[in-house]
Amino acid sequence: MEKEFIEQQKKKLIEQRNTILESLSSQSEEMKRLMSATESGDEADLASDVIDRTLLDSLGAQDAQRLQLIENTLQRINQGKYGLCMKCGKEIPQARLEAMPYAALCIECKSKEELRNRR
């Protein structure tokens, strides 16, 4: 795989990581605001705050999972293993990596994994 492509992907991943970290930080601030707001308010406000908190928790979990994928990918870049399928060792097509820079499996292996998970 071309070194220039890998460097571009590394830059893209670092930008995504920074965006997620900023998002998680702002969600944390929003959570603090919601917690202090629940101390005084009527039942409708409390119900709305619970929904907001649940949504923020869900978004936070998704961001945290994506952050872990990005961190793992940055490690693979540093190890010289970026772009190689972690199951079969075949090269992952650049088009797939451009669409999903943190892809760790080739399309064939990913499809097999999804089929197993559905059962």
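Keep in mind that the numbers below use all heavy atoms, side chains included, and drop hydrogens, waters and symmetry copies.
Rounded to the nearest 0.5 angstrom, R116 CZ and S111 OG are separated by 10.5 Å. Between atom CD1 of residue I6 and atom CG of residue L13 there is a gap of 11.5 Å, rounded to the nearest 0.5 Å.
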Could you pull out all donor-acceptor pairs under 3.5 Å where a side-chain atom in residues 88-97 meets a protein atom, sequence neighbours excluded?
residue : atom : partner : partner atom : Å
R96     : NE   : L105    : O            : 2.9
R96     : NH2  : L105    : O            : 3.3

Show me the side-chain donor-acceptor pairs of residues 72-86 shorter than 3.5 Å, one per line, residues at least two apart or across chains.
residue : atom : partner : partner atom : Å
N72     : OD1  : Q68     : NE2          : 2.9
N72     : ND2  : Q68     : O            : 3.4
T73     : OG1  : L69     : O            : 2.8
T73     : OG1  : R76     : NH2          : 3.3
R76     : NH2  : A103    : O            : 3.4
N78     : ND2  : L74     : O            : 3.4
Y82     : OH   : Q9      : NE2          : 3.3
Y82     : OH   : P101    : O            : 2.9

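Scanning for side chain to side chain donor-acceptor pair (under 3.5 Å) contacts around E15 gives an empty result, with sequence neighbours left out. Taking the salt bridge (charged side-chain N to carboxylate O under 4.0 Å, His left out) definition, one finds that E7 meets it with nothing, sequence neighbours left out. Residues passing the side chain to side chain donor-acceptor pair (under 3.5 Å) test with Q8, sequence neighbours excluded: none. Among residues two or more places apart in sequence or in another chain, the side chain to side chain contact (heavy atoms under 4.5 Å, CB included) test is passed with E2 by F5.
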